[in-house]
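A short worksheet on the structure shown next.
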Amino acid sequence: RSESYVTLALLDAANDRDPVVQEQVRKSILTLGNQQPDKVLSMCQDYLLKHPKLVVGHRVVILQTIELVVKSRTDDISYPKIKSVIQLASDEMTKSKEVVPEWQQAASNILVAVGNKYINDIMEEILGKFQPGVLPHFFVVQTLANLSDSNVYGMVPFLNAIMGTMLPMLGMTKQDNMKWVFSSALCRFSESILEYLANLDKAPDPTVRKDTFSSEIYSAYDILFNSWIQSRESKLRLTVAEALGSMSHLMAHDKLEEQLPKLLPTILGLYKKNSEHYIITKSLCQVLEASVNMGSRVLETQIDGLLLALHQQICSPVDFSNPPTVKNHNEVLRCFTILANTFPDRLMVFVLQRLENSNERNRMGSLAVLRHLINSSTSIMETKKLLILASIRQPLADHSNKVKKRVVQVISAMAHHGYLELEGGDLLVRFIIQHCALPDTYHRPPDPEEVTNEALRSMCDNTLHLFTTTVGRLTDVLWPMLLCYLTPNQYASATTPLCKSLILLANKKRAAQEASFIIDFNAQGVDTHTYGHDVTDEPSPRLRAFPLGHGAPSLSLLNALSPNIHPKAEPLWENEIPKLLSYLEVIVVQGVAMGIGLCASSHLNGTLEKLEEFGKSDAFRKASGIFGLLKDKNDVDVEKMKSTLILCYGYVALHAPEDQLLTRIDSDILQNISKNFNTKHSLSVCLHLFLCVCLSLIHSVGLIAKAVSQSVRKQGFLFSRKQELMGVMMVREYFSLQCFFPQILYSDTFNALHELLRNLLARDLSPDGLQSVFKSWLSSGQDHERERAVKTTAELLQFYLDNLSVKNLVTFHNLGALVGRLAPRCTDPNPEVRRAAIDCIYRLMYIQLRYEGFSLDYKDDSVEGLLDVREKLSNPDHSVLYKTCSELTKIISKRLPQQQLSTLLFMLFDGLVDSQSNCSRASSVILNTLLKNRGAGLQDLVPEMLEVLHNRLQVIGEEQVKVAIGQSILILATQHLQTVVNTLVAYPLPYDSWSCEMWMALGADSTLALQIMEMIIEKLNVMVPYVDKKESMLRPGLTKVATSQPLAMTCALREMMLNGQSADAVAYVFPKLFSSLLVRLGSSVGVQLPKDLNSNNICVSLCCVFRVAVEALRILLGRAQLDAVVKPLDQEGAWDKMKDPQQHTTGVTLLSRAMAKHAGPRLPAIVEGLCPSLCNIYECQRITVTAFFSELLNHHVVTELMILDMLMNNMMERITDTCGTVRMLAVRGLGNIAVGSPEKVNKYAKELLAAMSSGMEEKDDPGKLITLEAMSGMSKILLLENSVLASMGFLLLYGFTQRSIVMFCQENDEIRCASIMLLGNLSKFGSGEPVFKDQIHNVLVSLLLHLSDPNPQVVKACKYSMRICAPIVGSEQISAMFQNHLLEEKGLHYGEFINDLTKYLTGFSFLMSFFLSSGLVMLLQDPDPLVRVKAAEAMGHFH
């Protein structure tokens, strides 16, 4: 009875909405059916009979299950049951006169499955519904067709009678679907008969002959051919055609011969009526095969039409992504093969004639057929080889690349079948080589099917390689013939594939020590010039001019041919070839430059544009055309490319039209040469490359000079860049030529320069005039350049001072700029520069005094002090230099007017990036000294100064200077704290590394850092952390978007705390900082960056806002020496959990746990700081703080620190919070008191009981998380031996039990686990109550089921509860089994355990009743598909 009950429940669940459950139900019924097939089949039958209105889907599943049982246990099913199954399937199949495919096909499949063994019984039933004169049901015919497929030997003996009955029905059929099924059946019948006749040795009746069926087949043929094939329905026409093809093999020869003149044209006519051609071609192929097999004479009369139609099909394009078109193509080729066996001559004439057709597709189709015949009909084609060789010459001259591609495929086939060894085969080899030399397709064809020159060339390269490597018979054909093609110009582009093939052939022959490897150039018939024998005397021009890019393969070939060239050729390779390769490279570069120059002769503008475009391009990006040659040659060598580019400009100038050159020489040619030559790293890369660039420059300048000299004869021209060009050449050659310059020439040149500059200055003896003669040489990286520049400046300033006549009081407005340029040079590594720089400043100060009204002979004590400073600068010691630098700054500060201070400061900012580290350090010393002395009055300039310092940090590499900039920021902050903080906070987010360095610098002063931190904390606690915005009109809901200022302040705190010197400040405000950052962290979960940040080129993600808060909190803990807190958080992935909105509270819990264990003394102040946030309007902040407090209650430290009451009161208040998550965390915290402070449970017993009870009855709890915490908390309290709650009334206990059982089927793993654990803990107190015992019996199945739960914690909870509840079950054997096998850490073989338990349960009818009626069957309605699957699986064991 139990098995029946289970099976019935499974049948009810067979149409489950979840396909996985549906499949498991089917498997379980099958499992039961394999054990008791008759019984299960009976129940399936009864179920279908008792539920006549069952939905189709449900009926189908049950019928499919019957089919599976029958298939797997046919031999074990009783014959009466087989008969009843046949009857059922037959009735189900024909119950509805309308065609319901899914239902009736399922019933038909049962009959087919049974028919594999009980064919006679099946036929008895089916033929009862297949009566003469009455049209049968659609699926009766379909079943007969499927039976003939699945049981050939059983069905063929019936087919004669079946077709006899069927024939009259064909004439009665009016509906297309019936015509289709009859046609399909006739096709399957014919195929079955043919298979039967082909395997007579295995057939039960070997006397069956084809003519047994000929009469019926012909009668059916008559109706199908003369009536049905004319149908308007395309699907029907194709099925009829398919049937006619199969039936043709069974028709009497005379009948087929008689029908061929009508049949073949009809089939061919279907091509025009149907878009799908595969079935038609398949049918045609079968008809042709049948005709050829019987030796038809009529076929010859149809050959012309056949060939035309088949040729049209073979010419149709093949879509390889559409399988039917590919199948059709193959079937057409098969038709040609059949015809070739009977009409080889006519077929060959037809195909070869079509090679000359004007239509491209016709030629391609003919070549496809020819290739197929060469490969498939080798014996027949043997006598046609010479004809084919002669005919293939026509397509060799075709202009279409599509046709040429087919020609290459044909030649490849011919090569494998011995055609190329015959006379005329050399022409085919030549064709392949010619197309290895194809030029590129410069204009891409619009036709996607078009074959480009590149594709055809690659195909020919591969074919030639294939000839060499896989067609062994061609070795003696290709060697040494391929050598003939190396020298003619028309094959020049094929040099590389030719060389590679010849190398392979030569190595093969050489390794085999074949005598033919050595070529006898004097032998009769050998053209010595063609084979290149004259290379031993004077190489021919053709051999000398290897095509570009083919040099290496050509030289490799020479190596392979060395014994044929000269006995001493091999040593030549080793010694001379590297030189040849280098020479080739030079020739290539020179050739490219000359070629581009020639382009400029008629296309100057375009050539210059392309050169400039190429010069700006990425040096590693592939270029096209002739410019690609530059890049390909030097793909990883930028300097070589620049050298070649410079040379190109020289040749462009040489070949440019004279009337256009002079207008382009400065702006386009010389400017680009200068741009490519003025690189600072050329010499550092490689001296050899630098010299190459210099040589290209010299060569190019020579060409330009020649071109200009020719052009100026016809027109006037001022060569404005002449001196610059010469200067560039002279300066760059200074390092190698300086030692050869006579000193007198150097002195005269310098004197001339000074004279020139004095004359220029005399024309405008004013501050502006003085500024105009200053150049950038003061900060040059070359010592001699700086020395000359500073000394020249000193000379000019002295000239200015000597000739200055102040008639009116004038402002020396650029004093600050000039001093700012010169002051850093006072610590230059070159002592001459240092002294000259002091002289310059000395003279500038006196010029300022003159402008202030002092006389020429006035001496200022502070300025005169510069002379003492000058003497101290002779000492190279750095400390002395910087001390002296401070003295210099004091003098400058004293004499510099206030209005000049800002200019001086900004010039010093430029000095921070001076090329000389001494000078950049000096700039920082002077800058900081000035800021300390006079920075208080610069408040308006603070934002601008900070911006400049930020920019300078980006390019400064000197660490000491970076430290000095930090000092500058500190000095400004000391003087203008609010301005500095406001300015830095406003910098773009996320802060770049330089903004971070600036904030970090502010942490260096503990007092200042403390002020800034308190200022930021105060603002963070009151600022709006984010705003809710609608992201899109198309998307519902709001998105949290961070407000910029709190985010920036969090970043600022993070950077300041990174400075180790901020430790004292951090320690002082740690509780405030921790509280503020924890709340900030909670406000950052799931918050996006503002859109104005998203527009920057930054890595933006949802966690950016959160990451800043986390990093700040981590750094805070580290700076407070709480590594013991950070370590477990890192190990447990707490930071990642906090980032995830779904796991945020878990991460905060881990943080709270670590703080409770390792930072106890700090907790009271932290808790006090966090309490106000519990009343905040932001849910996220309340969630974070509640989660933190909740976990603190899990630790006894809160009692020791006397903050338990504060925490409990807060949790009680949060029980009524509007946020469900906060309520859940509050319930968790209240439950945690049982673990953290168990002695306090009784104090709060009433409140705890109310909280847990309301938590388990929470209505607004979609995920049942509050219920989960209430159950978990209740379990913790029940575990306390002295708990007041443990002695609560039974009714209260029973209520908790009922609520926990309801939660067994929840999808959430933790809820299931908690509810099961609570049941076990409650059972300790309710074991004596009968009602409680009934509850345990009711849930026993659920507990057993959850023993296989995918969650291991649920499994452990089940084992625990079942052991605790075991005594209540009422069976000592089962109780002992639970106690022995259900240990938490011990593995359990679920299947064996259930089997053993089932044996015990069957001995207790009352238990089995509970088990079946309220257990597994109930679980089949569980909302969780997995539970339903497992219930069905368990029910499968009841056998």
Side-chain angles (χ1 to χ4, degrees), residues 229-230 234 237-238 240-242 244-245 248 260-289 291-292 298-377 391 394-395 398 400 402-407 409-410 447 449-451:
I229 202 166
Q230 308 301 328
S234 174
R237 287 199 304 268
L238 290 176
V240 170
E242 185 178 16
L244 293 177
S248 64
L260 278 178
K262 294 184 289 183
L263 175 59
L264 289 173
T266 301
I267 294 177
L268 296 178
L270 291 175
Y271 281 124
K272 296 178 182 179
K273 298 179 182 180
N274 299 272
S275 57
E276 174 61 65
H277 291 168
Y278 165 60
I279 297 297
I280 302 168
T281 308
K282 178 185 173 186
S283 176
L284 177 62
C285 191
Q286 289 178 314
V287 172
L288 290 177
E289 195 171 28
S291 304
V292 168
V298 175
L299 186 58
E300 188 171 1
T301 64
Q302 303 294 317
I303 190 67
D304 293 335
L306 282 168
L307 291 175
L308 283 171
L310 289 171
H311 193 267
Q312 186 177 3
Q313 285 297 307
I314 205 65
C315 293
S316 299
V318 180
D319 180 2
F320 288 96
S321 63
N322 184 10
T325 66
V326 179
K327 290 180 179 179
N328 183 61
H329 184 80
N330 294 333
E331 283 295 315
V332 172
L333 290 174
R334 188 163 161 248
C335 290
F336 275 111
T337 303
I338 293 169
L339 293 175
N341 291 326
T342 309
F343 310 106
D345 294 334
R346 290 189 64 175
L347 178 57
M348 286 309 301
V349 169
F350 176 87
V351 171
L352 296 178
Q353 282 178 346
R354 294 304 181 280
L355 292 177
E356 302 174 9
N357 194 288
S358 60
N359 184 281
E360 179 186 77
R361 287 211 173 275
N362 282 346
R363 302 197 300 277
M364 290 170 62
S366 298
L367 288 167
V369 174
L370 185 58
R371 176 195 179 198
H372 177 72
L373 294 176
I374 290 171
N375 283 325
S376 65
S377 305
S391 301
Q394 178 73 24
D398 205 295
S400 165
K402 292 182 184 177
V403 176
K404 288 179 180 178
K405 178 181 177 181
R406 293 289 176 93
V407 171
Q409 292 171 339
V410 172
D447 181 4
E449 294 182 9
E450 186 58 65
V451 178

To the nearest 0.5 Å, what is the distance between CG (L367) and CD (Q409)?
9.0 Å
L307/F336 under side chain to side chain contact (heavy atoms under 4.5 Å, CB included): CA gap, chis, key distance, verdict
CA-CA 8 Å; L307 291 175; F336 275 111; 4.0 Å; yes
Quick one: CD1 on I280 to CD1 on I267, what's the gap to the nearest 0.5 Å?
9.5 Å
Verdict with supporting geometry, L299 and L264, side chain to side chain contact (heavy atoms under 4.5 Å, CB included):
CA-CA 9 Å; L299 186 58; L264 289 173; 3.7 Å; yes
Within this structure, what is the CG-SG distance for the pair L310 and C335, rounded to the nearest 0.5 Å?
5.0 Å
At what distance, to the nearest 0.5 angstrom, does NE2 of H372 lie from CD1 of I374?
11.5 Å
If only atom types and distance count, is the side chain of D319 paired as donor or acceptor with the main-chain N or O of S321 below 3.5 Å?
yes
Give the intermediate values and the outcome of side chain to side chain contact (heavy atoms under 4.5 Å, CB included) for residues L373 and M348.
CA-CA 9 Å; L373 294 176; M348 286 309 301; 4.2 Å; yes
With R346 as the cation and F350 as the aromatic partner, state whether NZ or CZ is under 6.0 Å from the six-membered ring centre and within 45° of the axis.
no
Search all heavy atoms of H277 against all heavy atoms of Y271 and return the closest pair with its distance.
NE2-O, 3.0 Å
Are R334 and E331 ion-paired here, with the side-chain N under 4.0 Å from a carboxylate O?
yes
How about NZ on K327, more than 12 heavy atoms from neighbouring residues, nucleotides or ligands closer than 6.0 Å, or not?
no
For a 4.5 angstrom cut-off between non-hydrogen side-chain atoms, does H329 reach S316?
no
How long is the straight-line distance from CG of L263 back to CG of L244, given to the nearest 0.5 Å?
6.5 Å
Tightest non-hydrogen contact, residues L355 and Q394, listed as O-CG, 4.1 Å
Under a 4.5 Å cut-off applied to non-hydrogen side-chain atoms, are L268 and L308 in contact?
no
Between S366 and N362 (side chain of the first, backbone of the second, donor and acceptor by atom type, cut-off under 3.5 Å), is there such a pair?
yes
Identify the heavy atoms of L347 and L339 that sit nearest to each other, and give their distance.
CD2-C, 4.3 Å
Would you say that V292 contacts N341 through its side chain, given a criterion of any heavy-atom pair below 4.5 Å between the two side chains?
no
Which of these passes salt bridge (charged side-chain N to carboxylate O under 4.0 Å, His left out) with D398: R406, K404, R363?
R363
Criterion side chain to side chain contact (heavy atoms under 4.5 Å, CB included) on L288 and L306, from CA distance to verdict
CA-CA 10 Å; L288 290 177; L306 282 168; 3.6 Å; yes
Examine the side chains of N328 and T281 and answer whether a donor and an acceptor come within less than 3.5 Å of each other.
yes
Would you say M364 and I314 make side-chain contact, with heavy atoms under 4.5 Å?
no
Compare every heavy atom of G365 with every heavy atom of C315, then report the nearest pair and how far apart it is.
SG-CA, 3.8 Å
Check whether any side-chain heavy atom of L260 lies under 4.5 Å from a side-chain heavy atom of T301, and answer yes or no.
no
Which heavy atom of Q302 sits nearest a heavy atom of P265, and at what distance?
OE1-CG, 3.8 Å
Quick check against the 3.5 Å criterion: does S248 have a side-chain atom that pairs as donor or acceptor with the backbone of G245?
yes
Distance-minimising heavy-atom pair for A340 and S377
CB-OG, 4.5 Å
From R354 atom CZ to L370 atom CG, the distance as rounded to the nearest 0.5 Å
14.0 Å
